2 protein chains.
Amino acid sequence: MERRNTPTKEAVLELLVKSGEAMSRDTIEQKITQNINRATIYRVLNRFCEDGVVHKIVAEDGKQYFAVCANCDDKVLSGHHFHFRCIECETIECLPVSVNFSVPNGYQVASVNCVLSGTCKDCSR
Amino acid sequence: MERRNTPTKEAVLELLVKSGEAMSRDTIEQKITQNINRATIYRVLNRFCEDGVVHKIVAEDGKQYFAVCANCDDKVLSGHHFHFRCIECETIECLPVSVNFSVPNGYQVASVNCVLSGTCKDCSR
DNA sequence: TAGTTATTGCGAAATAATCGCATTTATATG
DNA sequence: CATATAAATGCGATTATTTCGCAATAACTA
Ligand SMILES: [Mn+2]
Ligand SMILES: [Mn+2]
Ligand SMILES: [Zn+2]
Ligand SMILES: [Zn+2]
């Protein structure tokens with residue numbers, strides 16, 4: 001199944017790239033001018049994930065957030081990195097902080113999901 | 001509001017302590033012999049969290065899991081530590097691996113939620 | 001231009017967690 | 001032990017998030 005270019009795809013990706021932060025489905029739906037169906041947005045995002053264009057973060061609120069992969073040339077962001085969720089402004093961003101760990105023998109890590117919560121630099125002041 | 005001892009409270013806590021792993025509401029409901037209402041289980045667990053008896057983990061499936069705090073005398077587990085979710089047996093456990101990070105200036109971390117996913121030592125075979 | 005099929009829209013469905021409110025029950029007090 | 005207070009519970013409804021089935025649409029290929 002080869003991918004096709006659609007206005008929806010482009011609009012979602014452009015929004016994520018421009019904002020530079022991780023966004024949830026409903027936020028994406030709000031910020032995009034044109035009307036895009038809820039299920040479609042999820043499908044577009046999940047396809048982006050499959051293609052390695054964006055990555056999914058599950059925050060402490062249990063919701064899914066999506067951010068473009070390595071939007072800056074920071075080497076840290078290309079690998080596993082921490083995410084920060086501000087409990088004030090609700091924004092979620094990729095931190096340029098890599099996740100380091102070593103698991104006990106026998107464990108095989110397939111994916112990593114690390115989210116720090118608190119107040120971001122804008123809201124701390 | 002002072003706390004009262006109830007059979008439900010004791011049953012839930014005993015289950016968590018005995019198993020030593022993190023469990024979701026539905027798993028707890030299944031494993032407890034007596035019938036306990038769904039909402040009640042959530043309320044009991046959230047009260048435990050408030051009291052610092054258990055801690056909540058949000059996994060990549062978006063669900064909440066609860067584990068007793070520092071069930072062993074491992075110093076690592078008393079602080080922030082990684083969790084492991086096996087995609088085979090679905091169990092979630094506290095890893096004796098501490099989470100180390102340093103956030104950019106201005107950020108204030110209030111809580112940490114780190115979950116590694118993959119196959120556990122039993123399922124890696 | 002026509003055919004193939006990826007993509008979308010729509011509604012329903014599945015799942016998780018919470019809430020309001022009446023009822024029960026743990027605990028303190030006389 | 002009897003009684004009062006309010007914490008805890010049960011139940012149903014409710015909210016929220018995400019997915020699914022299927023028919024309709026539209027992107028790409030030839
Ligand atoms: Mn990220
Ligand atoms: Mn833990
Ligand atoms: Zn903020
Ligand atoms: Zn396993």
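Please read these numbers as outputs of a predicted model, since none were measured by experiment.
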Write down the distance between [atom1] ([X]) and [atom2] ([N]), rounded to a whole number of angstrom.
X	N	atom1	atom2	value
B/Glu10	D/dT9	CD	P	11 Å
A/Lys9	C/dG9	NZ	C1'	18 Å
B/Ile36	D/dC11	CD1	C1'	15 Å
B/Met23	C/dA16	CE	C1'	17 Å
B/Gln34	D/dG10	CD	C1'	14 Å
B/Arg47	D/dA6	CZ	C1'	13 Å
B/Glu29	D/dC11	CD	C1'	13 Å
B/Ile41	C/dC19	CD1	C1'	17 Å

Heavy-atom distance under 4.5 Å between the side chains of [X] and [Y], does that happen here?
X	Y	answer
B/Lys18	B/Lys31	no
A/Val103	B/Val97	no
A/Leu16	A/Met23	yes

Interatomic spacing from [atom1] in [X] to [atom2] in [Y] - rounded to 0.5 Å:
X	Y	atom1	atom2	value
A/Tyr107	A/Phe101	OH	CZ	13.5 Å
A/Glu60	B/Ser111	CD	OG	3.5 Å
A/Thr8	A/Gln34	OG1	CD	6.0 Å
A/Asn113	A/His55	CG	NE2	9.5 Å
B/Ile92	B/Lys63	CD1	NZ	8.5 Å

Output a table of nitrogen or oxygen pairs between the protein and nucleotides 17-20 of chain D separated by less than 3.5 Å.
{"unit_1": "D/dT17", "atom_1": "OP1", "unit_2": "A/Lys63", "atom_2": "NZ", "d": "3.2"}
{"unit_1": "D/dT18", "atom_1": "OP1", "unit_2": "A/Gln64", "atom_2": "N", "d": "2.6"}
{"unit_1": "D/dT18", "atom_1": "OP2", "unit_2": "A/Tyr42", "atom_2": "OH", "d": "2.2"}
{"unit_1": "D/dT18", "atom_1": "O5'", "unit_2": "A/Tyr42", "atom_2": "OH", "d": "3.1"}

task = Not counting sequence neighbours, which residues clear ring-ring contact (aromatic ring centres under 6.0 Å, His included) with A/Phe66? List them please.
result = none
Partners passing ring-ring contact (aromatic ring centres under 6.0 Å, His included) against A/Phe48 (at least two apart in sequence or in another chain) = none
Under 4.0 Å protein heavy-atom contacts per nucleotide of nucleotides 23-30 of chain C, with B for base, S for backbone only and - for none = --BBS---
message = Let me test you: for the helix from C/dT1-D/dA30 to C/dG30-D/dC1, what is the angle between the axes at its two ends (five pairs each), rounded to 10 degrees?
response = 30°
inquiry  = Using a strict threshold of under 4.0 Å (side-chain N to carboxylate O), is an ion pair present between A/Arg3 and A/Glu50?
reply    = yes
query = Salt bridge or not for B/Arg85 and B/Glu90, using N-O below 4.0 Å?
reply = yes
Which pairs, protein N/O on one side and nucleotides 1-4 of chain D N/O on the other, fall under 3.5 Å?
none

query = Crowded around B/Asp51 CG? As in, over 12 foreign heavy atoms under 6.0 Å?
reply = yes
request  = Can you spot which of A/Val53, A/Val68, A/Val54 makes a side-chain contact (heavy atoms from CB on, under 4.5 Å) with A/Val17?
outcome  = A/Val68
query = Phosphate oxygens OP1/OP2 of C/dT7: is one of them under 4.0 Å from a side-chain N or O of A/Thr8?
reply = no
